[in-house]
Amino acid sequence: MNDPLSEPSVYLRIQGIVRQIPAGRVSTYGQVAQLAGGCTARMVGYAMASLPEGTDVPWQRVINARGRISPHGMGYGSILQRQLLEEEGVRFSPDGVIDRNLFFWP
DNA sequence: CGGCTGACTCTGG
DNA sequence: TCCAGAGCCAGCC
């Protein structure tokens with residue numbers, strides 16, 4: 001049942017993976033890409049960029065491999081992302097880095 | 001069908 | 001640690 005190729009498109013497949021991320025946790029683009037299968041970290045980022053504003057996909061829980069938020073949305077999108085994560089209980093280091101052992105998923 | 005765009009990751013210096 | 005370049009691919013016009 002879990003035939004990834006059964007999904008209509010790569011982007012929708014990626015969105016499905018992101019929805020599986022529980023609140024209070026985060027994941028990386030590369031991780032989501034591997035879970036989706038057949039796609040790369042870039043595809044995940046591009047898929048997130050194409051998400052609508054009222055999407056039900058927790059795009060905020062997806063960050064880069066460094067455990068940090070990548071600048072996007074003219075720089076303000078990343079700020080919003082950080083606020084949303086803090087609302088869910090995710091802690092950031094003074095440098096804006098998330099502890100991989102505490103919040104990274106899976 | 002061609003060209004442009006984009007929220008990444010890796011390696012070398 | 002930071003910076004620059006290369007690799008990579010699905011959407012959209």
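Chain letters run A, B, ... following the sequence lines, proteins first and then strands; every chain starts at 1.
- Here the side chains of A/R66 and A/V97 are not in contact, with every heavy-atom distance at 4.5 Å or above.
- Side-chain N or O atoms of A/R61 include one that pairs as donor or acceptor with a backbone N or O of A/I21 at under 3.5 Å.
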Exercise for the section: Give the B/S/- string for nucleotides 7-13 of chain B, one per nucleotide from 5' to 3', where a protein heavy atom under 4.0 Å of the base yields B, of only the sugar-phosphate yields S, and otherwise -. Expected result: BBS----

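- The shortest heavy-atom contact between A/W105 and A/S27 is O-OG, 3.0 Å.
- At distances below 3.5 Å, at least one donor-acceptor pair connects side-chain atoms of A/S78 with backbone N or O atoms of A/G75.
- One N or O on the side chain of A/Q81 and one on the backbone of A/V62 form a donor-acceptor pair closer than 3.5 Å.
- Think of A/V26 as one node in a network of Ile, Leu, Val, Met, Phe, Trp and Tyr side chains linked at under 4.5 Å; its network also takes in A/I63, A/I69, A/L85, A/V90, A/F92, A/I98, A/L102, A/F103, A/F104.
- Under a hydrophobic clustering in which Ile, Leu, Val, Met, Phe, Trp and Tyr are joined whenever their side-chain heavy atoms come within less than 4.5 Å, directly or via other members, A/I79 and A/L51 fall into different clusters.
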Exercise for the section: Return one dot-bracket line describing DNA chain C 5' to 3' (Watson-Crick or G-U wobble pairs, both distances under 3.5 Å; ( ) same strand, [ ] crossing, | another strand, . none). Expected result: .||||||.|||||

